[in-house]
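Step one of this worksheet: look at the structure below.
Just so you know, these numbers come straight off a predicted model, no measurement behind them. Positions are given from 1 along the sequence. Values below: all heavy atoms of this structure, side chains included; hydrogens, waters and symmetry mates excluded.
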Amino acid sequence: VQLQASGGGLVQAGGSLRLSCAASGREVSRVIAWFRQAPGKEREFVAGIRWASENFNYADSVKGRFTIFRDRDKKTVDLQMNSLKPEDTAVYYCAATSSLQWSWTALSSRYEYDVWGQGTLVTVSS
């Protein structure tokens with residue numbers, strides 16, 4: 001599978017953006033997630049979704065503001081980001097894994113993912 005991320009941009013605090021991750025290939029991986037990396041910081045988990053069941057999980061920092069969902073026909077996983085804050089500024093990456101790991105604690109680790117899309121920059125101005 002290959003991943004193509006899109007949708008980043010510049011937005012004012014309180015605004016919204018929608019990122020999209022398009023998967024290509026015969027089969028879509030079991031889990032697709034969004035991570036982000038701010039300058040000088042580690043790459044961190046934002047949200048993830050299991051392709052088959054649509055079971056999902058969010059980082060505490062984005063709960064209630066971000067929504068992850070998948071479109072089976074388009075093979076996309078979108079991240080709707082509302083009420084954006086300057087601290088959401090980062091390069092956002094989508095990633096995929098075929099791991100059988102059940103725990104979202106484990107699936108929040110970047111090391112569980114073996115396919116990465118290119119990053120898309122999100123800048124939130126204050």
Side-chain angles (χ1 to χ4, degrees):
V1 64
Q2 291 183 322
L3 304 175
Q4 179 76 31
S6 62
L10 172 64
V11 64
Q12 288 188 331
S16 299
L17 276 177
R18 180 164 161 168
L19 306 182
S20 186
C21 179
S24 61
R26 176 181 288 185
E27 295 182 359
V28 181
S29 301
R30 287 191 174 90
V31 178
I32 294 183
W34 285 94
F35 286 76
R36 67 187 181 186
Q37 188 165 16
K41 293 189 176 181
E42 294 288 319
R43 191 169 298 187
E44 65 175 0
F45 175 84
V46 176
I49 189 166
R50 298 182 194 277
W51 185 261
S53 67
E54 294 188 275
N55 172 257
F56 52 81
N57 191 49
Y58 298 95
D60 289 342
S61 60
V62 306
K63 280 181 181 175
R65 301 189 297 123
F66 290 11
T67 303
I68 188 169
F69 53 96
R70 67 111 168 94
D71 186 314
R72 184 184 293 273
D73 293 333
K74 294 181 181 178
K75 289 187 179 179
T76 57
V77 173
D78 286 8
L79 185 69
Q80 177 65 42
M81 306 185 296
N82 299 328
S83 301
L84 283 162
K85 305 174 181 180
E87 51 263 43
D88 293 318
T89 295
V91 177
Y92 284 70
Y93 300 88
C94 59
T97 178
S98 292
S99 170
L100 294 173
Q101 182 63 253
W102 180 250
S103 163
W104 274 112
T105 299
L107 288 170
S108 297
S109 168
R110 60 180 292 187
Y111 300 106
E112 285 289 328
Y113 296 83
D114 53 1
V115 179
W116 291 83
Q118 89 291 0
T120 184
L121 177 62
V122 172
T123 304
V124 184
S125 62
S126 57

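Partners of Ser24 by side-chain contact (heavy atoms from CB on, under 4.5 Å), not counting sequence neighbours, listed by chain and number: Gln2. Take Asp60 and apply the salt bridge (Lys or Arg N to Asp or Glu O under 4.0 Å) test, not counting sequence neighbours, and it matches Lys63. Under the side-chain contact (heavy atoms from CB on, under 4.5 Å) criterion, Gln37 pairs with Arg43, Tyr93, sequence neighbours left out.
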Thr76 vs Asp71, test: side-chain hydrogen bond (donor to acceptor under 3.5 Å, both in side chains). Steps then yes/no. CA-CA 5 Å; Thr76 57; Asp71 186 314; 4.9 Å; no
Candidate pair Val1 and Glu27, rule side-chain contact (heavy atoms from CB on, under 4.5 Å), full reasoning: CA-CA 7 Å; Val1 64; Glu27 295 182 359; over 6 Å; no
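Between the side chains of Ser20 and Asp78, at least one donor N or O sits under 3.5 Å from an acceptor N or O.
Within the 4.5 Å cutoff, the side chain of Val62 has heavy atoms near those of the Arg36 side chain. Side chains of Tyr92 and Val46 form a contact here, defined as non-hydrogen atoms less than 4.5 Å apart. Within the 4.5 Å cutoff, the side chain of Met81 has heavy atoms near those of the Val122 side chain. Side-chain atoms of Trp34 and Leu19, non-hydrogen and from C-beta on, do get closer than 4.5 Å to each other. Trp51 places a side-chain heavy atom less than 4.5 Å from the side chain of Arg70.
Under the 3.5 Å distance criterion, the side-chain polar atoms of Lys75 are matched with a main-chain donor or acceptor of Gly25. Proximity of a side-chain donor or acceptor of Arg65 to a complementary backbone N or O of Ser83 within less than 3.5 Å is detected.
Note that CD of Gln80 and CZ of Phe69 are 6.0 Å apart. Values are rounded to the nearest 0.5 Å. Rounding to the nearest 0.5 angstrom, the gap separating the CD atom in Gln4 from the OG atom in Ser6 is 7.0 Å. From Ile68, atom CD1 reaches atom CG of Asn57 across 9.5 Å, with rounding to the nearest 0.5 Å.
A side-chain contact (heavy atoms from CB on, under 4.5 Å) with Leu17 is found for exactly one of Leu84, Leu10, Val124, namely Leu84.
The hydrophobic cluster containing Val11 also contains Phe66, counting ILVMFWY residues as joined when their side-chain heavy atoms lie under 4.5 angstrom apart, directly or transitively. Tyr113 and Ile49 fall into different hydrophobic clusters, where Ile, Leu, Val, Met, Phe, Trp and Tyr residues are linked whenever their side-chain heavy atoms come under 4.5 Å apart, directly or through other members.
Sorted by first and then second residue, the disulfide (SG to SG under 2.5 Å) pairs with a member in residues 13-72 read Cys21-Cys94; sequence neighbours excluded. Sorted by first then second residue, the side chain to side chain donor-acceptor pair (under 3.5 Å) pairs that include residues 115-126, not counting sequence neighbours, number zero. Sorted by first and then second residue, the side chain to side chain donor-acceptor pair (under 3.5 Å) pairs involving residues 94-111 (not counting sequence neighbours) are Asn55-Trp104, Ser99-Glu112.
When all heavy atoms of Ala96 and Ile32 are compared, the pair lying nearest together is CB-CG1, 4.1 Å. Closest approach of Ala90 and Leu121 over heavy atoms only: O-CD1, 3.6 Å. Scanning both residues, Thr67 and Tyr58, for their nearest heavy atoms gives CA-OH, 3.2 Å.
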